[in-house]
Amino acid sequence: MKNIRNFCIIAHIDHGKSTLADRLLEYTNTISKRDMQDQALDNMDLERERGITIKSHAIQMRYVHPANGEEYIFNLIDTPGHVDFSYEVSRSIAACEGALLLVDATQGIQAQTISNLYLAVDHNLEIIPIVNKVDMDSAMVEEVQDQIIDLIGCEREDIISASGRTGIGVPEILAAVVDRVPAPKGDPEAPLQTMIFDSMFNSYRGVIAYVRVMNGTLKKGDKIKFYNTGKEVVAEEVGVLKLGQLEAASIGTGDVGYVITGIKVSKEIKVGDTITHVARPCAEPVKGFEEVKPMVFAGVYPLDNDDFEDLRDALEKLQLNDASLVWEPETSAALGFGFRCGFLGMLHLEIVQERLYREFDQDIITTVPNVPYVATDMKDKTFTVHQPTELPEPNHLKSVEEPFIYAQVITKPEYIGNIITLCLVILCILF
């Protein structure tokens with residue numbers, strides 16, 4: 001355990017996370033030159049086409065520290081940067097002890113930099129600040145370093161200058177992971193306590209759960225159960241995550257890996273659940289996951305009503321791989337049977353639509369996105385309203401509440417005047 005390091009990369013969108021991850025994989029010889037390509041960990045066509053990371057991706061590397069000659073196991077999780085996929089980031093952070101905080105030297109600290117940093121700090125992760133793209137002509141290295149110092153209160157010498165494109169700073173980053181990120185804590189002799197931080201559906205093997213072992217050891221053939229659902233199964237295969245899945249006899253405390261149980265029903269495995277042994281269960285589940293908070297809702301209907309069950313199956317399988325997707329059945333007088341889906345934002349909605357078409361061959365109709373309202377009738381009964389037809393008659397309606405957010409604006413001093421003007425304009429429109 002003392003030679004294991006679990007860490008993730010967090011940053012604002014387009015600050016070079018995936019490119020830096022490529023250099024880390026190259027330097028540690030995790031991927032051969034023949035198999036190496038840009039955005040090596042982004043395995044969806046959508047990610048490559050748009051140049052963004054949609055899913056978190058875990059991979060194991062081996063690194064020999066030049067100072068002491070010891071070999072270390074690195075479990076790296078590359079995370080998305082867009083706010084619509086922040087739930088992916090929170091799940092990745094819950095499986096790590098450290099985080100590489102990446103800041104673009106040409107753009108400085110931006111919104112998602114701060115948001116993801118707060119997530120990492122809340123989970124007590126060790127932060128390694130990195131200024132990326134220092135080789136660019138427009139790089140403002142010292143200015144960005146000052147921003148990082150103001151944000152997290154570190155020393156200037158703690159900040160690593162790097163370039164994901166050229167490989168500058170990669171040896172220093174790997175050495176810093178060993179020196180600064182703490183080894184996993186846990187008891188190999190304690191009852192098995194394993195957290196599911198991601199999952200996917202395979203047509204031949206069933207549901208594959210990606211896990212982080214907190215305590216104990218999980219071996220092939222062990223009889224295990226899921227803490228929240230109570231489902232008891234046998235671990236048919238366990239292993240670690242290289243570029244693909246590499247089978248192993250067991251995975252122990254501190255390891256990040258996968259487990260295949262042969263379960264074919266998607267709803268029997270939940271992301272965030274805890275796996276433990278049937279004979280010697282753990283006392284409590286793993287804590288640390290955030291609840292999903294959908295921001296945008298839309299109706300999703302099949303083009304043909306006969307495809308309703310196929311769409312349900314597709315949504316169940318997609319939810320395994322995208323736990324931030326929330327849905328429930330609904331009916332429409334015009335469109336028939338469908339589902340009311342909750343998304344984290346408009347980009348999330350767009351990506352889900354595209355994945356349903358590409359991965360599950362589902363042609364769908366999506367209604368205009370909206371947000372839910374809470375209505376109260378004269379009898380003080382409250383209920384959630386998704387469309388105008390669900391509102392009670394005006395003479396039976398006591399009140400209607402709409403959602404609002406509490407926002408904190410973090411900005412440079414020179415933009416304060418314009419932002420205050422914008423806020424005043426919004427207030428005038430609302431009131």
Side-chain angles (χ1 to χ4, degrees), residues 1-8 21 24-25 28-32 35 40-44 55-63 71-78 88 91-92 94-97 183-184 186 188 190-227 231-264 266 268-278 282 286 317 320-321 323:
M1 272 176 56
K2 70 181 181 66
N3 283 20
I4 297 176
R5 299 291 185 272
N6 300 318
F7 65 99
C8 58
L24 296 176
L25 296 174
T28 55
N29 297 314
T30 303
I31 299 178
S32 65
D35 296 328
L41 294 181
D42 292 345
N43 51 20
M44 273 195 284
K55 281 287 303 169
S56 295
H57 302 278
I59 191 167
Q60 187 180 98
M61 305 181 288
R62 291 185 177 270
Y63 169 72
E71 186 178 66
Y72 291 82
I73 295 173
F74 287 175
N75 291 306
L76 163 67
I77 304 179
D78 181 25
E88 291 283 329
R91 287 157 47 199
S92 303
C96 297
E97 284 81 32
L192 179 66
Q193 190 185 43
T194 302
M195 177 184 67
I196 304 174
F197 68 88
D198 203 355
S199 58
M200 63 171 288
F201 187 84
N202 183 287
S203 303
Y204 303 102
R205 306 300 304 272
V207 180
I208 301 173
Y210 294 153
V211 298
R212 159 70 195 276
V213 183
M214 300 302 200
N215 291 293
T217 303
L218 177 58
K219 298 177 182 176
K220 181 179 179 179
D222 282 354
K223 193 168 184 183
I224 57 175
K225 73 172 183 178
F226 299 93
Y227 200 96
K231 178 76 175 178
E232 296 185 5
V233 290
V234 173
E236 295 179 359
E237 180 179 317
V238 299
V240 296
L241 299 165
K242 295 288 190 178
L243 192 56
Q245 293 155 359
L246 182 64
E247 187 176 355
S250 66
I251 49 177
T253 303
D255 284 334
V256 173
Y258 72 93
V259 56
I260 299 175
T261 59
I263 290 177
K264 295 292 177 72
S266 307
E268 290 180 352
I269 289 185
K270 301 289 184 186
V271 169
D273 203 351
T274 299
I275 296 176
T276 189
H277 282 134
V278 172
C282 59
V286 180
K317 291 171 183 175
L320 274 175
N321 199 236

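Any value given below was found using the heavy atoms of this structure, including those in side chains, with hydrogens, waters and symmetry copies removed.
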Locate the shortest heavy-atom distance separating Ile251 from Gly239; write the atom from each residue and the value. CG2-O, 3.6 Å

Looking at Tyr72 and Lys2, what are the two nearest heavy atoms and their distance? CE2-O, 4.1 Å

With a cut-off of 6.0 Å (strictly less than), are more than 12 heavy atoms of other residues, nucleotides or ligands near NZ of Lys242? yes

Give me the atom names and distance for the closest heavy-atom approach of Pro188 to Thr217. O-OG1, 3.9 Å

To the nearest 0.5 Å, what is the distance between CD on Gln60 and OG1 on Thr30? 9.0 Å

Roughly how far apart are Cys96 SG and Ile77 CD1, rounded to 0.5 Å? 4.0 Å

4.5 Å side-chain heavy-atom contact, Phe226 and Ile263: yes

Rounded at 0.5 Å granularity, tell me how far CE in Met200 sits from CG in Leu320. 9.5 Å

Give the intermediate values and the outcome of side chain to side chain contact (heavy atoms under 4.5 Å, CB included) for residues Asn3 and Ile73. CA-CA 6 Å; Asn3 283 20; Ile73 295 173; over 6 Å; no

Considering non-hydrogen atoms only, spot the tightest contact between Thr28 and Met61 and give its length. OG1-SD, 3.6 Å

On a heavy-atom basis, the closest approach of Asn75 and Ile4 is ND2-CG2, 4.0 Å

Got Asn6 and Pro184 here, is their nearest side-chain heavy-atom distance under 4.5 Å? yes

Would you check, one step at a time, whether the test side chain to side chain contact (heavy atoms under 4.5 Å, CB included) holds for Tyr227 with Met195? CA-CA 10 Å; Tyr227 200 96; Met195 177 184 67; over 6 Å; no

In Å and rounded to the nearest 0.5 Å, what is the CG to CG distance from Leu246 to Leu241? 9.5 Å

What distance separates Ile59 CD1 from Leu76 CG, expressed to the nearest 0.5 Å? 7.5 Å

Given Cys282 and Asn215, is the side chain to side chain contact (heavy atoms under 4.5 Å, CB included) satisfied, shown in steps? CA-CA 9 Å; Cys282 59; Asn215 291 293; over 6 Å; no

Checking Asp222, Thr261, Thr194, Ile269 against Ile275 for side-chain contact (heavy atoms from CB on, under 4.5 Å), the one that qualifies is Thr194

Parallel, tilted or perpendicular: which describes the rings of Phe7 and Phe74, with under 30° parallel and over 60° perpendicular? perpendicular

State the CG-OG1 distance between Leu192 and Thr274, to the nearest 0.5 angstrom. 9.5 Å

Mind checking what makes salt bridge (Lys or Arg N to Asp or Glu O under 4.0 Å) contact with Lys225, not counting sequence neighbours? none

Show the nearest heavy-atom pair for residues Phe201 and Lys264, with the distance to one decimal. CE1-O, 3.4 Å

Does any pair with a residue in residues 199-221 pass salt bridge (Lys or Arg N to Asp or Glu O under 4.0 Å), and if so which ones, sequence neighbours excluded? Glu97-Arg212, Arg205-Glu237, Lys220-Glu247

